[in-house]
Amino acid sequence: MKFWFAKYELQPVVPFNGTQAKPRHGALLQVEWPDGIGYADCHPWPEFGDEPIDSQLKLLKRAKLTPLTEQSIWLAKRDADLRSENKSAFEKFSPLKNHYLITDIEIIGETLLKHIQSQKFQTLKIKVGRQPEKEVEWLNALGARWPFQFRLDFNSQLDYLSFEGFIKKLTVETQRKIEFVEDPFPFSVDTWLESNNLLRLAIDKEEGNAALDSLTEVPFSVMMIKPATQDVDRMSTFCRRKNLKFAVTSNLDHPLGQAHAAWVAGELKRRLPTQILDCGVLSHVAFEPNPFSEQIKSDGPFFVGVEGTGVGFDDLLDRVDWKELKTL
Ligand code: MG
C-alpha cells in the first residue's frame with residue numbers, strides 16, 4: 001500500500017457551538033493498491049480526543065493506525081474497487097434524506113428558518129449544551145412557532161441532573177417535537193437507561209460504542225453511525241440484532257468524506273430500510289463553499305450524488321497536489 005496526502009482547510013461559516021470560527025484542518029488521502037487507487041478523507045476533531053492531522057499522518061507513516069485512518073483506508077479501498085471497474089458509487093443510489101445541521105443557535109433567525117422550511121427540511125439537528133438557559137428559551141420559542149422536529153446534540157457537555165433540569169424546562173409542545181437527544185452526558189448504563197425513559201437517546205461517541213458487546217439492556221434508542229470513525233459492519237449488525245433505529249452522519253468533514261458517508265448510508269438503507277432514520281450527510285453548508293462542495297448534488301434535504309467514478313470528484317482529485325507518505 002502506498003499513500004499520498006494533501007492537507008486542506010475548511011472555513012466554518014459560523015462558530016461551532018461557541019468555539020471561534022477558526023479554519024478546520026484535515027487531509028485527503030490517495031491510497032494505492034496493486035490493483036487500483038482510491039480516495040478518502042481524514043478529518044480529526046482534536047477537541048473530542050482525536051489526534052490532530054499532523055499526528056494522524058505521522059502515525060500513518062509509521063504504520064500505526066488510528067480509528068480515523070483505519071476507516072479512511074477501508075473507505076479508500078471501497079472507492080478503489082469501484083474506480084477500477086469504472087463505476088460510480090451513486091449509479092443505483094436513491095436520494096438520501098437528511099436533517100439540517102445548526103452548529104450554533106446564535107445564527108438562527110427568521111430568514112434562515114424560512115429558508116430551511118422552503119427547502120422542505122423537516123428535522124433540525126441542533127448543537128446545544130454550551131449555554132443551557134438560553135437554549136431552553138430559544139427551543140421553546142422555536143417549538144411554539146415552527147413545525148420542525150428536533151435532534152439535540154449535547155456532545156456530552158451536561159451531567160445527568162443538569163440534563164433532567166434542561167428537559168423539564170422545555171414546554172410539552174417542544175418536548176413532543178424532539179425526535180431524539182444525542183450524547184446528553186458521558187455514557188453510563190444506569191443514568192442513560194433512566195434518561196432514555198424520559199426521551200429517546202442517541203449514542204454517537206466511541207466511549208459507549210466500545211462497551212456495546214457487554215450490554216445486556218440497551219440504554220439508548222438510536223445509534224449514530226459515522227463511517228469516518230466507526231466500524232460500519234459492527235455498528236449496523238448491532239442495530240439489526242437489537243432492532244435499533246440509526247442515522248448515518250458525516251464527520252462534519254470534507255465533501256469527499258460526506259460522499260463516502262452518503263454512499264455507506266445508501267447501502268444500509270437498502271439492507272435495513274425500516275431502521276434507518278433521516279441522515280446527516282449534508283454538512284457542507286456549515287463551511288464556506290469550495291470546488292468539492294460545489295460538486296455535491298442535493299435537492300432540499302436529499303443528498304443526490306456526485307459525478308465521476310467511485311465516490312466521484314475525478315477532475316478535482318486529478319488536480320490535487322499530492323505528497324507521498326512513506327510506503328506502509
Ligand atoms: Mg454528535
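Each ligand, and each atom within it, is numbered from 1 in the order the structure gives.
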Quiz item: Does any non-hydrogen side-chain atom of M224 lie less than 4.5 Å from one of K125?
Solution: yes
Quiz item: Does the side chain of L268 reach to within under 4.5 Å of the side chain of V248, using non-hydrogen atoms?
Solution: yes
Exercise. Only one of W4, W322, F313 passes ring-ring contact (aromatic ring centres under 6.0 Å, His included) with Y39; say which it is.
Key: W322
Quiz prompt | salt bridge (charged side-chain N to carboxylate O under 4.0 Å, His left out): pairs with one or both residues in residues 279-298, sequence neighbours excluded | solution = K297-E307
Quiz item: Tell me, which protein N/O/S atoms are under 2.8 Å away from the Mg ion (ligand 1)?
Solution: D153 OD2, E182 OE2, D204 OD2
Quiz item: Tell me the salt bridge (charged side-chain N to carboxylate O under 4.0 Å, His left out) pairs involving residues 272-286, sequence neighbours left out?
Solution: K97-D278
Quiz item: Looking at residues at least two apart in the chain, or sitting in another chain, which of them share a salt bridge (charged side-chain N to carboxylate O under 4.0 Å, His left out) with R200?
Solution: none
